[in-house]
Amino acid sequence: MADKETQKEKNLREQTVEQMLTLITSAFGLVAALAWNQVIQEIITDYVKPFFGKDSGLISLLIYAVIVTVFAVLVTYFVARLKKD
């Protein structure tokens with residue numbers, strides 16, 4: 001009986017550590033995404049808006065959305081490849 005309790009406690013501890021690792025990894029992923037978001041916004045502000053002038057609002061947002069989408073697809077693709085290997 002004591003062995004079962006010990007095994008249950010060990011399993012619970014392993015699951016807790018695994019869940020904490022997942023949450024911490026997700027949190028760092030969010031921080032990295034926010035950092036990249038800021039970089040892309042600065043690029044749009046510094047290079048795209050001056051090129052298109054004051055009426056660049058929609059164009060800037062479209063370019064921003066395309067850049068973020070391409071980045072997300074590439075990251076997802078490479079992570080999926082890592083998971084397969």
Side-chain angles (χ1 to χ4, degrees):
M1 187 81 164
D3 289 335
K4 286 185 180 181
E5 289 300 316
T6 305
Q7 186 62 32
K8 284 182 182 180
E9 289 174 3
K10 185 177 178 183
N11 287 341
L12 179 62
R13 189 175 312 117
E14 287 175 359
Q15 289 175 357
T16 302
V17 169
E18 186 176 325
Q19 187 67 29
M20 288 176 61
L21 181 61
T22 300
L23 291 171
I24 290 169
T25 304
S26 298
F28 279 120
L30 177 61
V31 170
L34 291 172
W36 278 107
N37 179 47
Q38 188 66 32
V39 169
I40 294 168
Q41 285 180 349
E42 287 294 319
I43 289 170
I44 297 295
T45 300
D46 292 346
Y47 298 105
V48 174
K49 285 187 177 183
F51 184 76
F52 287 105
K54 291 187 179 212
D55 297 329
S56 66
L58 183 59
I59 293 170
S60 295
L61 289 173
L62 180 63
I63 292 170
Y64 173 75
V66 169
I67 291 171
V68 170
T69 302
V70 168
F71 188 72
V73 168
L74 288 174
V75 168
T76 303
Y77 173 75
F78 286 116
V79 169
R81 280 188 57 194
L82 286 175
K83 187 176 180 183
K84 282 184 180 180
D85 292 340

### Task
State whether the number of non-hydrogen atoms from other residues, nucleotides or ligands found under 6.0 Å of E14 atom CD is greater than 12.
yes
### Message
I need the single residue from L62, I63, L61 that forms a side chain to side chain contact (heavy atoms under 4.5 Å, CB included) with I59. Which is it?
### Response
I63
### Query
Can L34 be reached from F28 by stepping across I, L, V, M, F, W or Y side chains whose heavy atoms are under 4.5 Å apart?
no
### Message
Let me confirm one number: the CD-CG distance from E9 to L12, rounded to the nearest 0.5 Å.
### Response
8.0 Å
### Query
So if you build clusters from Ile, Leu, Val, Met, Phe, Trp, Tyr with side-chain heavy-atom gaps below 4.5 Å, do Y47 and V68 land together?
no
### Atom pair CG (L30) and OG1 (T25), whose distance is rounded to the nearest 0.5 Å
12.5 Å
### Message
Using the rule that Ile, Leu, Val, Met, Phe, Trp and Tyr join whenever any side-chain heavy atoms are under 4.5 Å apart, tell me whether F78 and I67 fall into a single cluster.
### Response
no
### Task
Kindly compute the distance separating CG (N11) from NZ (K8), expressed to the nearest 0.5 Å.
10.0 Å
#### Entry: Test item: T16 and M20 side chains (from C-beta on) under 4.5 Å apart, heavy atoms
yes
#### Entry: Heavy-atom closest contact (D46 atom, P50 atom, distance)
O-CG, 3.2 Å
#### Entry: Side-chain touch W36/V75, heavy atoms, less than 4.5 angstrom
no
### Task
Is it possible for you to say whether V70 and V39 belong to one hydrophobic cluster, with membership spreading through side-chain heavy-atom contacts below 4.5 Å?
no
